[in-house]
Amino acid sequence: MFNKKDKPIVFIGSDHAGYEAKTALKSFIESLGFAVTDLGAFDANPIDYPDVAREVGEKVLEHAKAGAMGVLICGTGIGMSMAANKLKGVRAALCTDENLAGMARQHNDANVLAVGARTTDLELMKKITEKFLTTPFESEERHVRRVEKMDKIEK
Ligand code: RB5
């Protein structure tokens, strides 16, 4: 578990399909003691997920040294994860259960979580998000080496 002073800033975003879940998830993340910045959607009118994925990803990169994390919600989580991963330095993981969320942090040092509001119910989404935000990267040499190799692919 992160102790309070280690808690990363969380940037959250959704499209229209994830709007309702984002509202609930934002309150949940705040209740865990994290500071959350909401980058929209701010209503249920249709918007394009790549715009929000980009905005959240850019904020995570801007605050990377402070250990910022992103949470993205669309209908399936697929579009959000694909779009966010276009940004150099973003490692977005689409997670459908707690185990994946833990592994994405422990082995892959994921800095953005993507979830699907039409595929994952809210209670499970909360568990996935808590696991993601509270699991540290296992900074063993083999994991560091593999994450660095992923970063090299971008260069
Ligand atoms: C919007 O209808 C839907 O396509 C979007 O939320 C997302 O699931 C895309 O990956």
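As the structure lists them, so they are numbered: ligands from 1, and atoms in each ligand from 1. Each residue takes its place number in the sequence, starting with 1. Given the structure is predicted, the values throughout are model-derived calculations rather than measurements.
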Inset, instruction - Mind listing the closest non-hydrogen atom pair of Arg105 and Asp109 along with its distance? - result: NH1-OD1, 3.0 Å

Legend entry - Within-cut-off N or O pair, Met80 and ligand 1, under 3.5 Å: no

Legend entry - salt bridge (Lys or Arg N to Asp or Glu O under 4.0 Å) between Glu62 and Lys59, intermediate numbers included: CA-CA 5 Å; Glu62 192 184 319; Lys59 283 290 177 197; 3.5 Å; yes

Inset, instruction - Answer yes if a protein heavy atom lies under 4.0 Å from atom 4 (O) of ligand 1, otherwise answer no. - result: no

Legend entry - Contact partition for Met82 relative to ligand 1, non-hydrogen atoms under 4.0 Å: neither

Inset, instruction - Would you mind telling me if ligand 1 is within reach of the side chain of Ala17, the backbone, both or neither, using heavy atoms under 4.0 Å? - result: side chain

Legend entry - Main-chain N/O of Gly102 paired with Asn99 side-chain donor or acceptor, under 3.5 Å: no

Inset, instruction - Just need the protein heavy atom nearest to atom 10 (O) of ligand 1, so name the residue and atom and give the distance. - result: Gly79 N, 2.8 Å

Legend entry - Nearest-contact summary for atom 6 (O) of ligand 1 - protein heavy atom, Å: Asp15 OD2, 2.5 Å

Legend entry - Any Phe11 side-chain heavy atom under 4.5 Å of Val112 side chain: no

Legend entry - Nearest-0.5 Å distance, CG of residue Leu32 to CD1 of residue Ile29: 7.5 Å

Inset, instruction - Give the cluster check for Met80 versus Met69: same hydrophobic cluster or not, with ILVMFWY residues linked at side-chain heavy-atom distances below 4.5 Å. - result: no

Inset, instruction - Indicate yes or no: does an N/O atom of Gly77 lie under 3.5 Å from an N/O atom of ligand 1? - result: no

Legend entry - Ligand-residue contact atoms, ligand 1 with Gly75, heavy atoms, under 4.0 Å: 5 (C), 6 (O), 7 (C), 8 (O)

Considering only distance and modelled atom types, tabulate donor-acceptor pairs under 3.5 Å from the side chains of residues 147-155, sequence neighbours left out.
from: Asp151; atom 1: OD1; to: Arg91; atom 2: NH1; distance (Å): 3.4
from: Glu154; atom 1: OE1; to: Gly89; atom 2: N; distance (Å): 3.3
from: Glu154; atom 1: OE2; to: Gly89; atom 2: N; distance (Å): 3.2

Inset, instruction - May I ask you to identify the nearest protein heavy atom to atom 2 (O) of ligand 1, giving residue, atom name and distance to one decimal place in Å? - result: Arg118 NH1, 3.2 Å

Inset, instruction - Decide whether an N or O pair under 3.5 Å exists between Tyr49 and ligand 1. - result: no

